[in-house]
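These notes concern the structure reproduced below.
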Amino acid sequence: MKYLSKIEWEFLQEEKEISFIEETNLDLFEVTKIYLKRNEKYEILLGIIGKVNQHDSEEIKKLNQPVDIHIKTKFHTYNLFSCHIIKDTMTYPQNEYNVVFKVQNVERNINKYSDNEEYFIKEWYLNSTQDSLIFKRGTSFNIKKEFIKTRDISKNSELNILEESMPDSILDSLFLELNDYSILLQEVPQKFGPDWSKNLGIEYQKELNIPPQDIRKKIVEIISFLLGRFLIKIGETHYDKDWNIINDSCQSPLIPIQIDLKQICKKSDRSCIDFYEGFPLPIVEKRICYIINNYLNEDKIDLSYVIHQLLLSMIVPVEAEIVMIGACLDKLSEIWFKSSKSKSNGELIEKKKFDELIEEYVDNLKNSFKDYPKVFIKIENAFQASGKQKVDFFLEELELETGDVEKDARFYRNKPAHGHLLDDEGLFKLMYLTDAYRTLLNRIILKILNYEVYIDLTSGNILSIDEKLSEENYENYKWLSDNFPLKAVEEVQ
């Protein structure tokens, strides 16, 4: 396949040496090499190699605290943020030092094109969907070469020969025409980026109305939610109308250092909707656009925090995952009752009516509980739903039927939350109920966004948004768990 690397992936595709330095805030005299690269975890490293002298030794000691570094060269301007030393070595008899910084993010301007007007933006993400079949739009690739030969003769001195290779094509994208913007989702060719991750490019064009940064952030949130992947941003590139790079940025993955990024990228998708089975391309794209438009236009309830936390829960161990999902449900019910969508605002009885009913008893109650003020405060607030009751009330207002599966998932969250150790069978059940709990949250969010179907993550079945999880499937699972314990299954395998 014929690719032009600068439009297929971020600029740190390989080690970049920074040379022809004209200006920098690094006060080092005898620098022989400066380079930028990514390590195996896809973190950004800045390396500086130079000759040892007393001045540089003292300056290196000052760099032990995180610093921002500015470097201007003949061709580029770099701004590197939150740089901290992870390696500092001296070698003798070469009298050479080697300092390596871990860098949180890098901004690079191309001096030649820095004043050009922006026409295209491409954002780059790790941990994209494992399912390439959802990308149904075709892309063609071709290379045209012009051969010019000039001869020292009076006539026909110049030959211009144009050669064109046979085009290649691939299905690798989705085009989403939203109400106010249009975007292109494109699978990054496997030769770019780390080989342990599927990668995604999101393209915006001036002619299709480039959204502001806060809207682009929300678009990524909802696309991540629909794909069932925690998309991890590692950079973006800005181009002029001729696809010259004006500026770009790259960043180290924003995930805890304890998390194994490679293992995250190997996990299966947790998609909440069906992207392709039985649906022609235009319908798939329209359904995705319908959800994204509803998300961007939802002004009564802000789902951003809950969706972000729900995505984060995908990258933690399952014991923490179910706890985080439960916290998302609690938070979502709280947000709902504070919004104008709620009819009750979480009140079991109107506060005014409640105050009228207890008015004649208040003084006696206050006096009776004068030594227990916290108990009296609970009595005063008894008109409000709380805890499990609040979530039940929320689901009732949403008119979302739930059954034994959802009930058990909500209860089982308490086991890891309260530090209970689980045996193999308990872990097996935990994994099943975690998928059930995530399905419930997906279903609630899709219901708020007026979507009509969802995917049951415990079975892969597509269900009506008003249909609860199958209790028959749950009974079959419990029979399987009782008769074929996890340890026995592992021994057979």
Tell me if a side-chain donor or acceptor on [X] pairs with a main-chain N or O of [Y] at a distance below 3.5 Å.
X      : Y      : value
Asn414 : Phe411 : yes
Asp269 : Gln130 : yes
Thr77  : Asn109 : no
Asp68  : Ser82  : yes
Lys198 : Asp131 : no
Thr439 : Leu457 : yes
Glu397 : Ser344 : yes
Asp456 : Gly460 : no
Gln104 : Ser252 : yes
Glu236 : Asp248 : no

Take Glu334 and Lys331 through the test salt bridge (Lys or Arg N to Asp or Glu O under 4.0 Å) and record every step on the way to the result.
CA-CA 5 Å; Glu334 178 185 320; Lys331 185 66 176 178; 3.5 Å; yes

Do the side chains of Glu452 and Arg287 get close enough for a salt bridge, i.e. N-O under 4.0 angstrom?
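Answer for the salt bridge query: no.
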
For [X] and [Y], work out which heavy atoms get closest and say how close.
X      : Y      : result
Thr434 : Leu430 : OG1-O, 2.6 Å
Arg229 : Ser128 : NE-O, 3.3 Å
Val405 : Ala436 : CG1-CB, 3.8 Å
Tyr42  : Leu12  : OH-O, 4.4 Å

Indicate the ring-plane relationship of Tyr239 and Phe120, choosing parallel, tilted or perpendicular according to the 30° and 60° boundaries.
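Rings of Tyr239 and Phe120: perpendicular, as their planes differ by over 60°.
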
Tell me whether the rings of Phe11 and Tyr78 are parallel (<30°), tilted (30 to 60°) or perpendicular (>60°).
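Rings of Phe11 and Tyr78: tilted, as their planes differ by 30° to 60°.
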
[Y] side chain reached by [X] side chain, heavy atoms, under 4.5 Å:
X      : Y      : result
Lys468 : Arg443 : yes
Asn247 : Ser114 : no
Tyr125 : Ile202 : yes
Glu177 : Lys286 : no
Glu467 : Ile465 : no
Lys136 : Phe275 : no
Leu36  : Leu45  : no
Tyr181 : Leu208 : no

Please indicate whether Ile257 has more than 12 foreign heavy atoms, meaning atoms of other residues, nucleotides or ligands, lying under 6.0 Å from its CD1.
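Counting neighbours around CD1 of Ile257, 12 or fewer heavy atoms of other residues, nucleotides or ligands fall under 6.0 Å, so no.
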
In terms of heavy-atom contacts, does NZ of Lys338 have more than 12 from other residues, nucleotides or ligands at under 6.0 Å?
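For Lys338, atom NZ is not crowded (no more than 12 foreign heavy atoms under 6.0 Å).
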
Does Lys16 qualify as a cation-pi partner of Tyr35, given the criterion of NZ or CZ under 6.0 Å from the six-membered ring centre and within 45 degrees of its axis?
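No, a cation-pi geometry is absent between Lys16 and Tyr35.
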
Centre of Tyr437's six-membered ring, under 6.0 Å away, within 45 degrees of the axis: is that where NZ or CZ of Arg410 sits?
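No; the conditions do not both hold, so Arg410 does not lie above the ring face of Tyr437.
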
The test is salt bridge (Lys or Arg N to Asp or Glu O under 4.0 Å); show your working for Glu14 and Lys37 and say whether it passes.
CA-CA 6 Å; Glu14 55 190 19; Lys37 68 175 186 178; over 6 Å; no

Got a second to check how far Ser339's OG is from Glu298's CD, nearest 0.5 Å?
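Between Ser339 OG and Glu298 CD, I get 8.0 Å after rounding to 0.5 Å.
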
Output the distance between atom CD (Gln389) and atom OG (Ser333), rounded to the nearest 0.5 Å.
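Output value for this atom pair is 11.5 Å.
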
Audit row: Asp466, Lys447, side chain to side chain contact (heavy atoms under 4.5 Å, CB included) steps and yes/no:
CA-CA 9 Å; Asp466 295 319; Lys447 172 89 172 181; 3.1 Å; yes

Can you list the steps and then say if Lys262 with Glu40 is a salt bridge (Lys or Arg N to Asp or Glu O under 4.0 Å)?
CA-CA 9 Å; Lys262 293 183 181 181; Glu40 278 296 305; 2.9 Å; yes

Aromatic ring proximity, centroids under 6.0 angstrom, Phe192 and Tyr3
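Aromatic pair counts; centres sit under 6.0 Å.
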
I would like to know whether Asp240 and Lys206 meet salt bridge (Lys or Arg N to Asp or Glu O under 4.0 Å); could you show each step before the answer?
CA-CA 10 Å; Asp240 65 16; Lys206 180 182 178 182; over 6 Å; no

Among Glu321, His308, Arg270, Arg438, which one satisfies side chain to side chain donor-acceptor pair (under 3.5 Å) with Ser313?
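When Glu321, His308, Arg270, Arg438 are each tested with Ser313, the side chain to side chain donor-acceptor pair (under 3.5 Å) holds only for Arg438.
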
Can you check side chain to side chain contact (heavy atoms under 4.5 Å, CB included) on Gln186 and Asp172, steps first, answer last?
CA-CA 6 Å; Gln186 192 159 20; Asp172 68 347; 2.9 Å; yes

Would you please test Trp336 and Ser342 for side chain to side chain contact (heavy atoms under 4.5 Å, CB included) and show each step?
CA-CA 6 Å; Trp336 173 270; Ser342 174; 3.7 Å; yes

Candidates Lys122, Arg108, Arg38, Lys233 - the one meeting salt bridge (charged side-chain N to carboxylate O under 4.0 Å, His left out) with Glu10:
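Filter result, single survivor: Arg38.
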
